[in-house]
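Sharing a structure here in structure tokens format.
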There are 2 protein chains.
Amino acid sequence: MAKAARMSVWLEDTDGAVEPRPRASRGRRAEQPSGLDRERITRATVKLLDAEGLAKFSMRRLAGELGVTAMSVYWYVDTKDDLLELALDQAFGELEIPDTDAEELPDWQTQLRELAATYRELLVRHPWISPLVGNFLNVGPKSLLFSRAVQRVIARTGLTLAQQRGAVSSVFQFVYGYGTIEGHFRQRCAEVGLTQDEYFHKAMAAFSVPEEMADDFSHAERMMEAVEEGGDVDAMRDMDFQVALDLQIAGIETLVSQRR
Amino acid sequence: MAKAARMSVWLEDTDGAVEPRPRASRGRRAEQPSGLDRERITRATVKLLDAEGLAKFSMRRLAGELGVTAMSVYWYVDTKDDLLELALDQAFGELEIPDTDAEELPDWQTQLRELAATYRELLVRHPWISPLVGNFLNVGPKSLLFSRAVQRVIARTGLTLAQQRGAVSSVFQFVYGYGTIEGHFRQRCAEVGLTQDEYFHKAMAAFSVPEEMADDFSHAERMMEAVEEGGDVDAMRDMDFQVALDLQIAGIETLVSQRR
DNA sequence: ACCTGAACACCGTTCAAGT
DNA sequence: ACCTGAACACCGTTCAAGT
């Protein structure tokens with residue numbers, strides 16, 4: 001029998017009543033010794049994650065940034081994982097959620113593209129988000145706001161409920177994967193001190209192709225020739241992203257028309 | 001100027017000649033003191049990652065498993081990251097690569113489904129793969145074999161080269177995202193000691209819905225009612241995965257037909 | 001109520017030393 | 001050529017103690 005680990009910061013114990021966590025600063029006293037509270041800690045966490053990445057983030061490092069002892073943070077937060085979950089949801093707050101309630105709405109295709117674009121940008125802007133999304137349940141309030149918007153837009157396609165689940169997965173797991181790789185690639189380039197194009201060419205040139213696959217490697221090279229010929233990596237990635245969305249939207253339309 | 005970090009185990013320095021790493025056991029002497037070599041170390045690494053997950057893996061833990069001092073491993077491998085890259089490519093060797101060269105081939109739709117299925121299963125079987133895919137360049141030999149097979153199949157769709165890149169991203173970034181979440185969910189359930197269905201229901205019940213989104217939450221509930229009514233999580237996930245692939249294949253077919 | 005310091009059980013990696 | 005031991009600079013977290 002495994003020791004029951006907590007499922008999420010956002011999920012209180014269901015065995016008893018749902019009581020609010022006592023540690024949040026509720027303004028009971030105006031001035032706290034160090035001015036610390038969950039808000040401030042979470043903001044500092046996001047800032048540090050942006051600046052140095054998930055791998056280098058530590059509770060001690062964070063405490064240093066806050067001008068406080070490492071253990072002070074533990075008054076406001078149970079574990080490092082809880083803090084990361086808070087930071088994750090805070091970042092999800094940057095997503096631009098389109099209005100899905102107005103009288104006169106753009107078609108679902110347009111809104112789906114908007115949602116995909118804002119999610120992609122978030123993942124690229126904060127490369128540390130992607131491993132955390134994989135690691136936690138992601139049921140924070142900001143995250144839910146986004147999920148709801150996605151569901152509302154997909155509901156307008158005319159797919160059945162079961163198909164809607166598949167379509168949501170299709171589009172947003174794709175964006176997740178795409179943004180993950182893209183974000184990490186940019187981060188790596190920055191770390192190594194190369195531009196994306198330099199890094200790309202260096203990686204292409206650096207490894208020798210085994211003889212037995214020399215011929216289908218030429219095909220791969222043709223696929224990438226847009227970049228080889230001086231086109232830049234960013235432009236190619238935008239193109240590929242658009243093609244993928246076009247393709248998926250066309251696919252949804254086909255499923256819908258088959259239902260009629 | 002950043003200190004030049006190594007790009008990948010698979011990428012030797014290009015400044016000089018490409019010399020083979022001297023540390024691999026080349027059978028020069030039949031018997032080594034501890035019988036250690038890269039092969040054995042890599043296999044033990046995969047086994048340990050499967051058993052305890054990426055978070056608990058450490059060089060010291062691995063050395064213990066091999067009956068050796070932590071520092072012995074460093075004779076065969078430069079860093080922990082290099083070792084993880086080796087383990088990653090070894091796992092990619094489990095992918096079932098369909099024949100893409102035969103005279104009489106199944107249609108590309110079938111082969112694309114096969115490739116998607118084998119990749120999904122790999123990600124679910126080894127949940128530690130997903131964060132590593134996001135973290136390294138992924139240009140190991142086994143990984144390349146898979147990429148080539150994907151490119152060959154997509155090439156048979158009739159899409160332009162630029163569209164082919166988009167289609168590859170669309171399908172396999174989707175599978176990556178899907179397998180990531182699925183694999184991690186299973187891992188979490190095992191850690192907490194719940195079945196997937198128990199975990200699912202507990203998570204659904206555990207958090208209270210904010211009032212201002214109570215109405216669109218009912219829609220989310222209807223979307224999930226297949227599970228609520230005793231259907232199991234696994235079956236639902238298989239369905240959703242199939243719908244997503246159907247949708248993307250239909251989308252590719254549409255792009256192809258628009259080209260005519 | 002909030003914060004600190006010392007301590008525990010870990011990490012990855014370096015380096016000088018052994019055989 | 002291969003392996004060890006001690007050491008360095010880190011981790012997350014517990015716990016008793018301060019104010």
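Proteins get letters first, then strands, A, B, ... in listed order; numbering begins at 1 in each. Keep in mind that this is a model prediction, so the values were computed, not measured.
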Has the side chain of B:D240 got a donor or acceptor atom that lies under 3.5 Å from a matching backbone atom of A:R165?
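No, the answer is negative, given that no donor and acceptor are paired below the 3.5 Å cut-off.
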For the side chain of A:K80, counting heavy atoms from C-beta on, which of D:dG12, D:dT14, C:dT14 is nearest?
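Comparing D:dG12, D:dT14, C:dT14 against the side chain of A:K80, the answer is D:dG12.
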With rounding to whole Å, what would you report as the distance between D:dC11 and C:dA7 at their C1' atoms?
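Roughly 14 Å separates the two C1' atoms.
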Ring of A:F241, cation from A:R120 - is the NZ or CZ under 6.0 Å from the centre and inside 45° of the axis?
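Yes, A:R120 sits over the ring of A:F241.
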Per A:T69 side chain, nearest of listed nucleotides C:dT14, C:dA1, C:dT4
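The nucleotide sitting nearest to the side chain is C:dT4.
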Dot-bracket for DNA chain C: what is it, with Watson-Crick or G-U pairs under 3.5 Å, [ ] where a pair crosses earlier ones, and | for a pair to another strand?
||.|||||...|||||.||
Identify which nucleotide among D:dG12, D:dC3, C:dT4 has an atom closest to any side-chain atom of A:S72, counting heavy atoms from C-beta outward.
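From the listed options, C:dT4 comes nearest.
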Atom pair CG (B:D82) and CZ (B:R6), whose distance is rounded to the nearest 0.5 Å
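It is 4.0 Å, given to the nearest 0.5 Å.
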Within this structure, what is the CG-to-C1' distance between B:L62 and C:dC11, rounded to whole angstrom?
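Rounded to whole Å, this separation is 14 Å.
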Any A:Y74 side-chain nitrogen or oxygen under 4.0 Å from OP1 or OP2 of C:dT4:
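Checking C:dT4 against A:Y74, no side-chain N or O comes under 4.0 Å of OP1 or OP2.
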Atom CZ of B:R61 to atom C1' of C:dA9: distance rounded to whole Å?
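Distance check: B:R61 CZ to C:dA9 C1' gives 15 Å.
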Using whole Å, what does the distance between atom P of nucleotide C:dC2 and atom CG of A:D37 come to?
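Rounding to the nearest Å, CG of A:D37 and P of C:dC2 are 10 Å apart.
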Would you kindly give the CZ-to-P distance between A:F57 and D:dG12, to the nearest whole Å?
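Atom-to-atom, A:F57 to D:dG12, this comes out as 8 Å.
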is_close_aromatic(B:F185, B:Y199), centroid dist under 6.0 Å
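Under 6.0 Å, so yes.
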Between D:dC11 (C1') and B:K56 (NZ): distance, integer Å:
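Checked: the NZ to C1' distance equals 17 Å.
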With rounding to the nearest 0.5 angstrom, report the CZ to CG distance, B:F57 to B:L62.
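CG of B:L62 is found 4.5 Å from CZ of B:F57.
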Within this structure, what is the CZ-to-C1' distance between B:R60 and D:dA6, rounded to whole angstrom?
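Value for this atom pair: 11 Å.
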D:dC3 phosphate, OP1 or OP2, under 4.0 Å from B:W75 side-chain N/O:
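No.
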For A:R40 and C:dC2, give me the distance from atom CZ to atom C1', rounded to whole Å.
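It works out to 14 Å between those atoms.
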Could you tell me how the ring of A:F172 sits relative to the ring of A:F146: parallel (under 30°), tilted (30 to 60°) or perpendicular (over 60°)?
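A:F172 vs A:F146 ring planes: perpendicular.
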For the side chain of A:Y76, starting at C-beta, report the closest nucleotide among C:dC2, D:dA6, C:dT4.
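Taking heavy atoms from C-beta onward, the closest nucleotide is C:dC2.
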Hey, mind stepping through B:R186 and B:D234 against salt bridge (Lys or Arg N to Asp or Glu O under 4.0 Å) and telling me if it holds?
CA-CA 10 Å; B:R186 295 180 103 102; B:D234 270 330; 3.2 Å; yes
Please report, rounded to the nearest Å, how far the P atom of C:dC3 is from the CE atom of A:M59.
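The distance from CE of A:M59 to P of C:dC3 comes to 14 Å, rounded to the nearest Å.
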